[in-house]
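Okay, structure first, notes after.
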Amino acid sequence: MTESFTGSFTQQEPIPEAGIEAALEVLRSGRLHRYNLSPDEIGEVGLLEEEFAASVGAKYALAVASGGYAMGCALRALGVGPGDKVLTNAFTLAPVPGAIASVNAEPVLVEITSELVLDLNDLEAKAKSSGARVLMLSHMRGHLVDMEALVAVCNRLGVTIIEDCAHTMGAAWNGKASGTFGAVGCFSMQTYKHINSGEGGLIVTDDPELAARMILLSGSYMLYERHGARPPMEAFEDARFVMPNVSGRMDHLRAAILRPQLADLPRQVARWAERYQTLEAGLAQTPGLHVAPRPDAETYVGSSFQFTLPGASADHIRDFVARCAARGVELKWFGADAPVGFTSRHSHWGYVSPQQLPNTDRILSGLLDMRVPLTFRVEDCALIARIIDAEARVPASVAAE
Ligand SMILES: *Cc1c(COP(=O)(O)O)cnc(C)c1O
């Protein structure tokens, strides 16, 4: 019998009951705007900020409208502006170059390695040739580069790091939370990330001046005293009259939904690990299929799964993807010629000046990617692995018939 999978790769778990209850309370109060508070009340947004800062071990946190907004806000707070060069991964999703474009800066794309992380040699070369002073580091699909090595390179080059942690909320390198290695860490709570409010972003930093600037930028008017996890009031003194209001606030409704999910994140990370490891084990013996091993230092969140078919032709990969799809297993291929769904490549970003990235192109041309929502049971992941394994064993000549 040929097995098929019938689950949905885009189905998230429901919002926990505690979140639904808290949301109803906000709705009944009628006070949804973050600054619509009674005198002694901190409110759901302020509490979310305090709890998130504590969970990653950062001094300050700011909740905003989206992950993309968080990144643009961080760039603006660092003074990045028109014509400035910003280093970033050549393999990332469109909101990352988009955030750089939002401040009219120019992305300088850095190659990735076959482990899907930033190539530190190319980073150094591009930092020197471009003169860029800021790196927007994208932990794409949750793969962490050697963070101590990266920080050492950036310190030596005088490059400030912003971390895009859209895929690493809950992840760590040698026990230190992702998002706390650079000057600023940016997170997304969009539906397909690790906690879900439809849309949303969080920013963390230990720098009081940057925190103050970002709070003002997010549209705090002069109400910043009411923030959770904010810097001391003196930090706002210089910035308060010069920072523009680039409105992008979080509201109490979304914060109410998020707080119970944040409290539950460690349990969810463990559930994701079980599912990831089931896929990994199920594909460990598959001939011609490679899953990059995860470094020991990395605590990752297995919310997506990547593998390659080394040596397979584009035709063969296209056919393999179609055969898996016919059995209910939805794989995204980063080698496709045109952007499909979320799988865009650097050459699809028409607003970025074309750049030569031979290593990244070669790696992406063989890369397959799969979402792992927590609505999948561990048995589902075992079934998915059996299907991928069986289809990967079909020889190219047979597949082409
Ligand atoms: C989702 C995502 C973001 C931020 O996205 P928003 O939809 O704006 O919250 C940033 N980087 C990556 C890699 C992402 O996947």
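Excluded from the calculations below are hydrogen atoms, water molecules and symmetry mates; all remaining heavy atoms, backbone and side chain alike, are included. Read the numbers this way: they start at 1 and go in the same order the structure lists the ligands and their atoms.
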- Hey, are Glu41 and Arg31 close enough for a salt bridge, meaning a charged N less than 4.0 Å from a carboxylate O? yes
- For Arg323 and Glu391, indicate whether the former's side chain and the latter's backbone hold a donor-acceptor pair under 3.5 Å. yes
- If you count the atoms of ligand 1 from 1 in the order shown, which ones are under 4.0 Å from a heavy atom of Val96? 11 (N)
- Enumerated ligand 1 atoms positioned under 4.0 Å from heavy atoms of His167: 13 (C), 14 (C), 15 (O)
- Query: Looking at atom 7 (O) of ligand 1, what's its closest protein heavy atom, distance included?
  - Reply: Gln190 NE2, 3.2 Å
- Item | Distance-only side-chain donor-acceptor flag, His139 / Glu163, under 3.5 Å | yes
- Query: If only atom types and distance count, is the side chain of Thr360 paired as donor or acceptor with the main-chain N or O of Ile112 below 3.5 Å?
  - Reply: yes
- Looking only at protein heavy atoms, which one is nearest to atom 11 (N) of ligand 1, and how far off is it? Asp164 OD2, 2.8 Å
- Message: For His167 and Tyr192, I'd like to know if the aromatic rings sit close, meaning centre-to-centre distance below 6.0 Å.
- Response: no
- Message: Check contact between Gly201 and ligand 1, using heavy atoms of the residue and a distance below 4.0 angstrom.
- Response: no
- Item | Heavy-atom nearest neighbour in the protein, as seen from atom 1 (C) of ligand 1, with distance rounded to 0.1 Å | Lys193 NZ, 1.3 Å
- Look at atom 8 (O) of ligand 1 and say which protein heavy atom is nearest, naming residue and atom and giving the distance to 0.1 Å. Gly68 N, 2.8 Å
- Would you check whether Glu199 has a nitrogen or oxygen atom less than 3.5 angstrom from a nitrogen or oxygen atom of ligand 1? no
- Item | Proximal ligand 1 atoms for Met71, defined as those under 4.0 Å from one of its heavy atoms | 10 (C)
- Could you say whether the N/O atoms of Gly67 and ligand 1 ever approach to under 3.5 Å? yes
- May I ask you to decide whether Arg254 forms a salt bridge with Glu199, counting only side-chain N to carboxylate O separations under 4.0 Å? no
- Task: For a side-chain contact (heavy atoms from CB on, under 4.5 Å) with Asp361, tell me which candidate from Glu111, His346, Gln356 qualifies.
- Result: His346
